[in-house]
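Shown next, in structure tokens, is the structure this report addresses.
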Amino acid sequence: MRIVNADLHCHSIVSDGTLTPEALAARAHGNGVELWSLTDHDEVGGQHRAAAAAQALGLPYLCGVEISVTFAGMTVHIVGLGIDPDDAQLVAGLAHTRGGRERRAREMAEQLAAVGIRGAYDGALKYVGNPELISRTHFARYLVETGVCHDTHEVFRRFLTEGKPGYVEHRWATLGDAVRWITDAGGVAVIAHPARYAWANATQEYALFAEFKAHGGRAVEVVTGSHSSAEIVRYADMAREFDLAASRGSDFHSPDESHTDLGALPYLDGRLTPVWELLAHRVLH
Ligand code: AMP
Ligand code: MN
Ligand code: MN
Ligand code: MN
């Protein structure tokens, strides 16, 4: 099997990235990416732009999305690859999932004000490209801009996460709905960055994988920008154990914030089934 520099996870200004879909396509192409997907949070508004930009560069493209899910009281992300971005059920489901972000953001700002950080709602809004998608990342940029924190990683250590000021619990989509929206839109559902979830015990993680499979999920991110080499090995094992295909994606958000650039990732272990083998018929050329 040929080794492919696929990058199937990143974000644009349509969610919480800082680059346009066109700039991301050019950057991916320039970095040697051979198969690309833009996977904005809960939003497919950038898909036609990304696909057109990729096509103009001769860069094979899969339409994508990253859906926020609440599972066992935790937020889990499910990537959808090869979706039809115009699928009515998917578009409606994502709109519903985005709803409530603005109210959540106002509560986040109130909590921050209570610890002396003023103006966070308007401050975060300056970084928002899509008014329906105000996210914690936008607040993080404001906290860096105002010197409260040195970088966004410090922000998520001190604020905006469970138990810290600025964290507001939110109910996202269900696992079953997210997998169904993706699958019915012609795509493959992928568990995103599995090492990033702070499970209370291993049973919860097994439950996620088992229920994901039962709903029709077919892949897991093994290689991502936030996985260590040990985590890559661990989730390669999980992919085999659960008979899931494997995905690879940087989760690139911004040249200033992301450690892993587009395409700059270890290759998938050749013994795994790459997710793009399931999606050859969905690739746009
Ligand atoms: P939201 O969807 O509003 O909850 O925001 C989630 C986004 O915040 C993620 O997609 C990341 O971009 C960012 N984020 C969350 N936790 C962290 C973290 N520990 N370090 C860096 N970025 C984070
Ligand atoms: Mn993000
Ligand atoms: Mn994610
Ligand atoms: Mn992401």
Side-chain angles (χ1 to χ4, degrees), residues 7-19 24 36-44 46 50 64-71 73-81 94 97-109 111-112 120-121 124-125 127-144 149-164 166-173 178 189-198 220-221 223-228 247-262 265:
D7 193 326
L8 305 179
H9 188 151
C10 69
H11 299 274
S12 77
I13 48 159
V14 170
S15 62
D16 62 347
T18 61
L19 301 184
L24 286 166
W36 177 51
S37 183
L38 170 66
T39 55
D40 277 311
H41 295 286
D42 305 324
E43 173 66 273
V44 286
V65 68
E66 180 175 21
I67 304 181
S68 310
V69 161
T70 300
F71 177 82
M74 295 259 305
T75 299
V76 167
H77 288 170
I78 301 296
V79 162
L81 297 174
L94 294 178
T97 306
R98 289 194 299 273
R101 272 187 181 268
E102 188 188 324
R103 214 180 85 198
R104 169 189 186 237
R106 291 194 186 277
E107 284 179 37
M108 287 165 62
Q111 282 194 24
L112 291 171
Y121 182 82
L125 212 52
Y127 294 98
V128 170
N130 172 356
E132 283 187 39
L133 220 122
I134 183 161
S135 91
R136 286 186 289 162
T137 314
H138 302 116
F139 280 85
R141 291 187 185 129
Y142 175 70
L143 296 186
V144 173
C149 292
H150 177 70
D151 58 27
T152 53
H153 297 280
E154 184 187 341
V155 174
F156 286 103
R157 272 197 308 276
R158 293 177 50 204
F159 302 97
L160 312 183
T161 48
E162 207 171 333
K164 309 284 165 61
Y167 180 72
V168 176
E169 202 167 296
H170 195 71
R171 278 281 289 282
W172 302 108
V190 186
I191 299 174
H193 42 61
R196 295 283 65 80
Y197 310 124
V220 57
E221 280 183 350
V223 174
T224 98
S226 69
H227 278 183
S228 67
S247 192
R248 175 180 190 264
S250 57
D251 206 358
F252 181 81
H253 283 69
S254 160
D256 302 323
E257 295 162 12
S258 300
H259 292 310
T260 306
D261 207 333
L262 288 160
L265 293 158

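Computed from a predicted model, the values in this text were never measured in an experiment. Just follow the structure's listing: the first ligand is 1, and inside any ligand the first atom is 1. Position 1 is the first residue of the sequence; numbering continues from there.
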Checklist entry - Can you name the closest pair of heavy atoms from His9 and Ala192 and give their distance? => result CE1-CB, 4.1 Å
Checklist entry - Taking 2.8 Å as the cut-off, does an N/O/S atom of His11 lie below it from the Mn ion (ligand 2)? => result no
Checklist entry - Any idea which N/O/S atom from Glu66 gets closest to the Mn ion (ligand 4)? => result OE1
Next on the checklist: So, applying side chain to side chain contact (heavy atoms under 4.5 Å, CB included) with Leu133, which one of Val14, Val128, Asp42 is it?
Outcome noted: Asp42
Checklist entry - Mind checking whether His170 and Thr75 have side chains closer than 4.5 Å, heavy atoms only? => result no
Next on the checklist: Please report the interatomic distance CD1(Ile78) to OG1(Thr39), rounded to the nearest 0.5 Å.
Outcome noted: 12.5 Å
Checklist entry - Near the Mn ion (ligand 2), is there an N/O/S atom from Asp16 that is less than 2.8 Å away? => result yes
Item to check | Where Lys164 and Arg157 come nearest, the two heavy atoms and their spacing | outcome: NZ-O, 2.9 Å
Next on the checklist: Can you tell me if Thr152 contacts ligand 1 (heavy atom of the residue under 4.0 Å from the ligand)?
Outcome noted: no
Next on the checklist: Is it the case that the ring center of His259 lies less than 6.0 angstrom away from the ring center of His153?
Outcome noted: yes
Checklist entry - Is Asp16 close to ligand 1, meaning an N/O of one under 3.5 Å from an N/O of the other? => result yes
Next on the checklist: With respect to the Mn ion (ligand 4), please indicate if His193 possesses an N, O or S atom at a distance under 2.8 Å.
Outcome noted: no
Item to check | Side chain, backbone, both or neither: His170 near ligand 1, heavy atoms under 4.0 Å | outcome: neither
Checklist entry - Of Asp7, Leu19, Leu38, Thr260, which is the lone residue that meets side chain to side chain contact (heavy atoms under 4.5 Å, CB included) with Phe252? => result Leu19
Checklist entry - Thr137 heavy atoms, cut-off 4.0 Å: which ligand 1 atoms fall inside? => result 7 (C), 8 (O), 11 (C), 12 (O), 13 (C)
Checklist entry - Do any nitrogen or oxygen atoms of His41 lie less than 3.5 angstrom from nitrogen or oxygen atoms of ligand 1? => result yes
Next on the checklist: Classify the ring geometry of His11 against His41: parallel below 30°, tilted from 30° to 60°, perpendicular beyond 60°.
Outcome noted: parallel
Next on the checklist: Tell me the contacting part of His253 for ligand 1: side chain, backbone, both, or neither, using a 4.0 Å heavy-atom threshold, strictly below.
Outcome noted: side chain
Next on the checklist: Is the shortest side-chain heavy-atom distance between Leu125 and Ile134 below 4.5 Å?
Outcome noted: yes
Checklist outcome for this item: Checking heavy-atom distances from atom 20 (N) of ligand 1 to each of Phe156, Phe139, Tyr167, the winner is Phe156
Item to check | Arg104 N/O under 3.5 Å from ligand 1 N/O | outcome: yes
Checklist entry - Are side-chain heavy atoms of Cys10 and Leu262 found at a separation under 4.5 Å? => result yes
Item to check | 4.0 Å heavy-atom contact, His11 with ligand 1 | outcome: no
Item to check | Side chain proximity check, Phe139 to Val155, heavy atoms < 4.5 angstrom | outcome: no
Checklist entry - Which is the closest N/O/S atom of Asp251 when seen from the Mn ion (ligand 4)? => result OD1
Checklist entry - Considering only N, O or S atoms, which atom of His253 is nearest to the Mn ion (ligand 2)? => result NE2
Item to check | Close approach of Arg196 to ligand 1, heavy atoms, under 4.0 angstrom | outcome: no
Next on the checklist: Counting C-beta onward and ignoring hydrogens, is there a side-chain heavy-atom pair between Val65 and Leu94 closer than 4.5 Å?
Outcome noted: yes
Next on the checklist: Any N/O/S atom, side chain or main chain, of His9 closer to the Mn ion (ligand 4) than 2.8 Å?
Outcome noted: yes
Checklist outcome for this item: Closest to atom 2 (O) of ligand 1 among protein heavy atoms sits Arg101 NH2, 3.0 Å
Checklist entry - Given Arg98, His193, His153, Arg136, which one has a non-hydrogen atom that is nearest to atom 6 (C) of ligand 1? => result Arg136
